Amino acid sequence: MTWLSTAAVVFAYLLSLALIRWVLLLKKHNPASSVAWIMVIVGLPYVGGLFFLVFGVNRVQRKRARMRRALRGGDGTLPLLTRYQVMPGESLNSQQKSLMRLAGRSVDQPPTYGNRIELLADTNRTLALLEEAIRGAEETIHLEYYIWQPDRTGTKMRDLLIEKAKQGVKVRFLYDKIGSLWLSRKFLRPMFDAGIDVAAFIPGASFRERWSFNLRNHRKIVVVDGRVGFTGGMNIGDEYLGRDPSVGYWRDTHLRIEGPVVLQLQGLFAENWRFATGEALTDPKLFPEPEADGPVLAQLIPGEPTSELSALYNLTFAALNEARERVTLTTSYFVPFAALSTALETAALRGVKVRVLVAGPPTYFWTLWAGRSFYEELLSAGVEIHEYTRGLMHAKTLTIDGCWSLVGTPNFDARSLALNFEVSVAMYDQKIATQLEAQFEKDLEHARRIDLDDWTNRSGWRVLGENACRLFAPVL
C-alpha cells in the first residue's frame, strides 16, 4: 500500500467519524434515520458522505427561524386573528376539543370561525374557479406551486396572469426550483416583462442553499386580494386535468376558501416569499378584514422541515389515536413512519373502522412498492386497504369519526411529514367531514380492495423488492 492510498484510507476514516458525529447531533429525534445514515457513510466511503451532505442535512432551518422572527418584529407584524379565534367550547365534542388544543399549541395559526370552504374533487372545476378568481382580482394575486408545467395549461394560466398584471394587479409567483424544473427562462420572460415578480424556492442564491436538493416546497397556494384562497393537492399542468394519456384520469382534492383562514394562507405565502426573496410583505392592505360569515371552524396547519417531527405529523398521529368509530385516509404516496403505521393498526385493533385509499399504478413504482411493504401488518390488524384503479389518485385527505378532517398538500409519507414544506387545513366541521366520507365512498367504486390471503401468497421476489424499496422510505 502506497502512502497515497494509506492517506486516503485514513482520511476516509476520519471523515466518516466526523460525519457520524454530525448524524448523531442532527438526527437525535429519529434513531432509525441515524442508523441508516451511519450505515451509508460507513459502507460507502466518500460517496455515502456526499449523499448525506446533499440529502441528509437541513440547511434552511436557521434561516427560516430568522425570517419568522423578522415577520413578527418591529418591521411590521402580520395581523393577529384573535378577533376570530375559536377556543374549545361547548359546541365541540371531546375529539374536536382535544385536536384543537394540540393544533393550537403546535402551530402559530389559531383556529378561526366564520370560514366558507368548498371541497373541490374535480380538477377541471378547480381550474375554472382559479381562473374565475384571478380574472376578478383587483389588487393582488399571490401564487405558490410545487409543479407548474410549461404546457398548454401552464401557458394559458401564465398568460392570464400577464393580462392581469398589465391591468395593474400586482402578481407574485413563487415556484419550487426542483418540482418546476422545466420552467425555462424563455417561458418566464413574458412574466418578467409584464412586471410580475417571480421567485424560485430553494435551491436559492447562496452556495449552501443550492445543496438543499432534498427540501422541497410542496405547497400549492393561491390568494387573490387577500379574500379568496385555494390550497390542496392540484398543481398546474395538462396531466392534472386528465390530458396525459400515460396517466389518464386525475383524481385530486382542493379547497376554495373565504374567511379568516385566507389571511393565514396570505401570511404563510408572505413568510415563504420573504424566505425566497428577502422582501417583507407587511402592507396592511394585503390583509383586509375578512367577511367571517361562513359556518366552518378551521385553521391552517403548515408543515416544514425542522429538527423535530412536524406539527402535521403530531396532529395526524393524535387524530388516529382519537378515533373511536371510523377513519378514512386518502393519499397518493403511502410510505408511513413506523409510528403512524402502528397508529393505524392499533385503531383497527380497538374496533375502529380504518380504511385507506392509495394510488395504484401509474404512480411511481418505488413508492408504491415501498408502501406495499406495510400492507401485511396493516391487513392483519384489520385495516382495509384499497388501491385506486381509474387513473391516478393524488388527493390527500383524512377524516375522523365524521367530525374532523384534514385536507391539503402532504402525502402520508416521511418526505411530506419531515422533509417538505407543506400546508393543510384542519376543519372541525361535521358537514365537511361527511362530504369527504361521501367522496371516499365514490372513489372506492374505482378501486380494488387488497385481500390478506391473496397478499400473503405473493412471490418472494415481490416481497424482496418491496422491502428493498422500503429502505429508502425516509427520502421517497
Side-chain angles (χ1 to χ4, degrees), residues 81 84-104 109-123 125-126 128-130 132-133 227-234 251-265 290-301 312 315-316 318-320 322-331 352-357 395-410 423-445:
L81 294 169
Y84 308 99
Q85 184 172 352
V86 176
M87 300 304 293
E90 296 302 323
S91 62
L92 302 176
N93 64 31
S94 60
Q95 294 158 299
Q96 292 171 323
K97 291 177 183 178
S98 177
L99 293 172
M100 184 177 286
R101 279 193 294 268
L102 172 62
Q109 314 287 354
T112 61
Y113 67 84
N115 298 285
R116 293 189 178 277
I117 299 179
E118 180 180 357
L119 289 173
L120 305 172
D122 179 87
T123 55
R125 173 167 167 74
T126 300
L129 289 174
L130 276 168
E132 178 185 312
R227 297 191 179 279
V228 179
F230 294 83
T231 192
M234 179 181 162
R251 226 321 257 132
D252 224 322
T253 298
H254 224 71
L255 301 176
R256 182 188 185 276
I257 308 169
E258 295 178 275
V261 167
V262 177
L263 296 187
Q264 296 179 340
L265 274 174
E291 295 182 6
D293 57 356
V296 182
L297 306 181
Q299 73 187 118
L300 203 68
I301 310 293
L312 280 170
L315 188 59
T316 301
L320 294 174
E322 285 285 343
R324 296 294 176 266
E325 297 178 3
R326 59 192 185 275
V327 171
T328 64
L329 168 67
T330 302
T331 184
V352 178
K353 186 176 183 179
V354 180
R355 294 183 294 172
V356 178
L357 175 60
K396 304 97 168 52
T397 69
L398 173 66
T399 70
I400 302 296
D401 291 349
C403 68
W404 180 90
S405 53
L406 190 70
V407 177
T409 67
V423 62
S424 285
V425 179
M427 291 164 282
Y428 309 84
D429 186 88
Q430 292 185 356
K431 184 178 179 180
I432 293 289
T434 299
Q435 291 175 355
L436 285 167
E437 289 180 335
Q439 182 61 53
F440 188 90
E441 298 293 342
K442 291 181 181 179
D443 290 333
L444 290 188
E445 297 174 4

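As a basis for the values below, the full set of heavy atoms in this structure was taken, side chains included, without hydrogen atoms, waters or symmetry mates. In this text, all values refer to a predicted model and were calculated from it rather than measured experimentally.
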Any donor-acceptor N/O pair, [X] side chain to [Y] backbone, under 3.5 Å:
X	Y	result
Arg116	Gly114	no
Gln96	Asn93	yes
Asp429	Lys431	yes
Thr409	Val423	yes
Thr316	Leu312	yes
Gln299	Gln109	yes
Asn115	Leu297	no

Can you tell me how far the [atom1] atom of [X] sits from the [atom2] atom of [Y], to the nearest 0.5 Å?
X	Y	atom1	atom2	answer
His254	Leu129	NE2	CG	10.0 Å
Glu258	Arg227	CD	CZ	10.0 Å
Met234	Leu255	CE	CG	13.0 Å
Leu119	Thr397	CG	OG1	9.0 Å
Ser405	Ile117	OG	CD1	8.0 Å
Ser94	Leu99	OG	CG	9.5 Å

Would you name the heavy atoms of [X] and [Y] that are closest together and state the gap between them?
X	Y	answer
Leu265	Gly229	CD1-CA, 4.1 Å
Thr399	Ala433	CG2-O, 4.1 Å
Tyr428	Pro111	CE1-CB, 4.5 Å
Arg251	Ala121	NH1-O, 3.5 Å
Leu406	Ser424	CD1-CB, 3.7 Å
Gly402	Thr434	O-OG1, 4.4 Å

**OP:** Check the pair Leu357, Leu444 against side chain to side chain contact (heavy atoms under 4.5 Å, CB included), reporting the backbone distance first and the verdict last.
**Re:** CA-CA 8 Å; Leu357 175 60; Leu444 290 188; 4.3 Å; yes
Subject >> Pair Arg125 + Glu118: basic N to acidic O under 4.0 Å >> reply: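 Yes, this pair counts.
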Original post:
Going by an N to O cut-off under 4.0 Å, is there a salt bridge joining Arg355 and Glu437?
Top reply: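 No, no charged N to carboxylate O under 4.0 Å.
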**OP:** Starting from the C-alpha separation in whole Å, work towards a yes-or-no answer on side chain to side chain contact (heavy atoms under 4.5 Å, CB included) for Val296 and Ile257.
**Re:** CA-CA 10 Å; Val296 182; Ile257 308 169; over 6 Å; no
Subject >> Greater than 12 external heavy atoms within 6.0 Å of Gln95's CD >> reply: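 Yes, the 6.0 Å shell around CD holds more than 12 heavy atoms from other groups.
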Is there a side-chain contact between [X] and [Y], using heavy atoms and a 4.5 Å cut-off?
X	Y	value
Ile301	Leu315	yes
Ile432	Gln435	yes
Gln264	Thr112	yes

**OP:** Could you walk me through whether Ile400 and Val327 pass side chain to side chain contact (heavy atoms under 4.5 Å, CB included), step by step?
**Re:** CA-CA 5 Å; Ile400 302 296; Val327 171; 3.7 Å; yes
**OP:** For the pair Leu398 and Trp404, evaluate side chain to side chain contact (heavy atoms under 4.5 Å, CB included) and give the outcome as yes or no after the intermediate values.
**Re:** CA-CA 8 Å; Leu398 173 66; Trp404 180 90; 3.9 Å; yes
